Amino acid sequence: MQEQFKGEKGKKVGWFCTYTPEEVIRAAGFVPYRLLPREDSRGSTEDILPPNICPYVRKVLNEIKNGDYPGDMQGLVIAHSCNAMMHLYNALREESVDFFVYLLEVPRKRDAGACEFFAQEMAHLADFLGEQGNPVNTKTLREALEQYQKRNRLIAELQEFLPHLKEDYPLGVYSLAAEASTSSPGEFSRKACRTLEEIKKQHQGNLKGNGSPVFILTGGIPPRGLVEILSENDNLELYPEICSGIRYLQKQLPDWSTSFTAGDPGREPLLEKLARSYLDKPPCPRLFDYNLREKFYRRLLDEMEVKGVVYHDLLFCDLGHYDYLMLKDILEAREIPFLKVSTELGQEDLGQLKTRVEAFMEIMS
Amino acid sequence: MQPQKIFREKLKGTIGRKLLSSPQTYKLARQVFLKRSNFNFDAKRKMTSLALEQAAEAYQGKKPVAWTSAFFPGELFNLFDLVPFAPEVASAMAASLELAPELLRYSEEMGLATDSCSFHRCAAAGTSREYFPLPDFLMASSHLCDGAPRLFQYMARKYSRPLYLLDVPVTKGEEALQYVACQLEDIARDLEKKTGITLHQDKIEEVFENSNLARQYQEEVNRLRQNVPSPMGGEEGLGYVYLSFLGEGHPQSPVIYKTLMEELQERVEKSKKGVEDPGKENFRLIWMHLRPYHGSELMSFVEQELNMKVVMEEMNEVYWPPLDPGKPFTSLARKVLSHFDLGPAERRLQAIEKMVQEFKAHGVVHFSHWGCRQSVGSTLILRKKLREKGIPFLSLDGDCVDASSFPWGQARTRIESFQEVLEQVHE
């Protein structure tokens, strides 16, 4: 199965939620590798998880049970971002997997206390991973942070050229996020530099995004098939406000080089800054500060020419169900067309969806 | 006709909402129910009185009202003389008054997914239709439930009222303890500002004394229920969950538990002397999660027809150490973090094994409320682990609020099959 998986050769550590600090995993010498659900996975998890648990969790568990994961996987870091992840952790501990499974607590708040707690949790993770791989100290952590900083700058640049990079990233932001979250930062950056150089050369560096009208895909992690259906529209740009899209790519790391100029600051201040940057990334429905999520939605609607919104209501995701109620209010008040679609991340959902989505896209166009 | 039935019939008319929103209804209900209803225990009569008194107070609006979710440490309401109101409890009441189907339909119209917890769907609809008393504050905890904090966010947004959310990690240790304690202290400091009440040590001592005494009597009640035959069944036992939701730190809670303890003591003694027949007890069961509140015959079928007595409920387990008034917030944080359902499934498993042993139970029934991912999510692991230890386990799919999601025929067959398993295991 190993050849199915892209990414740099090397020991991988799998992760799921975008609140997982990849930089810490990298600092320990591993390649962070996001496990995204595949639509073609077969089999069942009904012997270990009931059917009313998050489809993402059930699919990923099923894939792991079937051995569909990178062969050089050394372990998994499960961020306790929601209840379903706790069940995934429980279930994986019941399976005879030959890699470690680590549970990382992630706060739902963003205040100073939450940041301090998250930094402490990251330190525990760093210690644990250090025992499995390389020690996570100031030096290794800084190196990893710099690699990710460079990668993030390149991601931001690539995003501006995405409409002209259909061959590399056929599903735009979604493809870019998928590649970035399954590659080492070094490998990703090398490829990104080449891509940017070529596209700039081809078009004399004069080809930035055109600020065209967009439609937003938001809600729970979607099946790739839904993104494919939505990407078929040439008139409107897809803005995937999802954790396998924008919410992953817009994670901003602080500038380490200017933060600590004199001497070795020690690992903990770096982790505190890292914790802060993660808690400040584009908010997801799991965060307790609902005003923040509401403001975030309002800002998107203010700053972009949004023609419509597709909400992916992932079955059995309580966080998403209530997020939809709030968004619905906002969209109704602004008279922006929206469509709610529900899936269990399976192929079977897509046939029915296509007709509905196409009809909705016609309205938007 | 039973007073409950008369009340239920009245609510079906168009005046139902007005009736439910009137404090007079609860005052009247208190007089009628308490005098005319048959209670098996005086403790239950006292608890019903407290529930109706709290509901009347909440609708009166003379004192600030705090909406709360399950497992939020209720001592905080009593520290600030807030009247607690639990939308989830109101949903159970709506189910028992046959109002749930209408509310569930309405929640669907609102756009809330039907796979959400029906307690929460009813509560969201009840909020939207303004069935509930106006909140001054809303308080919810993340532990054991993803849905409740989000529901409370929706409610707080509707009413533009302060919302206090408690973020409870599943990891143990000093850091988690401090994280939760600091949040509780922040909430208390903000409540001081908003209510104008300064928190004094004597108030903390009074409320914690109530909480600790109730805890102590509750432990005694549980010890008495370990007797064979047990002096109290599960239908009765699950009723006292109300006190865990809305009675923590309330002066009536120790009174009610003490009354129950004395009544159980008397029953045990009479049973030992052969003065009172406690009824047949073919098998003793541990009950996980809650029960249906929509008039299902489940509990009476299990306990009275099949004589399988529920001797202990997960919800009645005393899992936390006594509170220390000298360290109020750390102490409350410790209580919150002590819950055995938090974190890895083995914590819950260990709690079940302990209950099975202490209560000399023959099997475990898990009422698998469809919308409760937290509880249902670990049932297959629990079943596997308990079976390995020779403890029969039944996960009974159903819904506490939505009667249409609990087909009785199927459930009945599964319970009968479980009885056969118990007979085979224990013959």
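Keep in mind that this is a model prediction, so the values were computed, not measured. We use all heavy atoms of the structure for the numbers below, so side chains are in, but hydrogens, waters and symmetry mates are not. In what follows, chains are A, B, ... by sequence order, proteins preceding strands, each numbered from 1.
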- Under the criterion side chain to side chain contact (heavy atoms under 4.5 Å, CB included), which of E116(A), Q120(A), E105(A) is the partner of E175(B)? Q120(A)
Is there a side-chain contact between [X] and [Y] in this structure, where contact means two heavy atoms from C-beta onward sitting under 4.5 Å apart?
| X | Y | answer |
| --- | --- | --- |
| E121(A) | Y179(B) | no |
| P169(B) | H80(A) | no |
| N291(A) | R157(B) | no |

Chain A contact via [X] - which portion, at a heavy-atom distance below 4.5 Å:
| X | answer |
| --- | --- |
| L349(B) | neither |
| L144(B) | backbone |
| A176(B) | both |

- Message: Let's go through Y322(A) and Q153(B) carefully: what are the C-alpha distance in whole Å and the side-chain angles of both, what is the deciding distance for side-chain contact (heavy atoms from CB on, under 4.5 Å) to 0.1 Å, and is it a yes or a no?
- Response: CA-CA 9 Å; Y322(A) 287 96; Q153(B) 285 174 334; over 6 Å; no
Which atoms of [X] approach chain B - backbone, side chain, both or neither, heavy atom under 4.5 Å:
| X | result |
| --- | --- |
| F117(A) | side chain |
| L88(A) | neither |
| D323(A) | both |

- Message: For R150(B), is there an ion pair with D318(A) - N to carboxylate O distance below 4.0 angstrom?
- Response: no
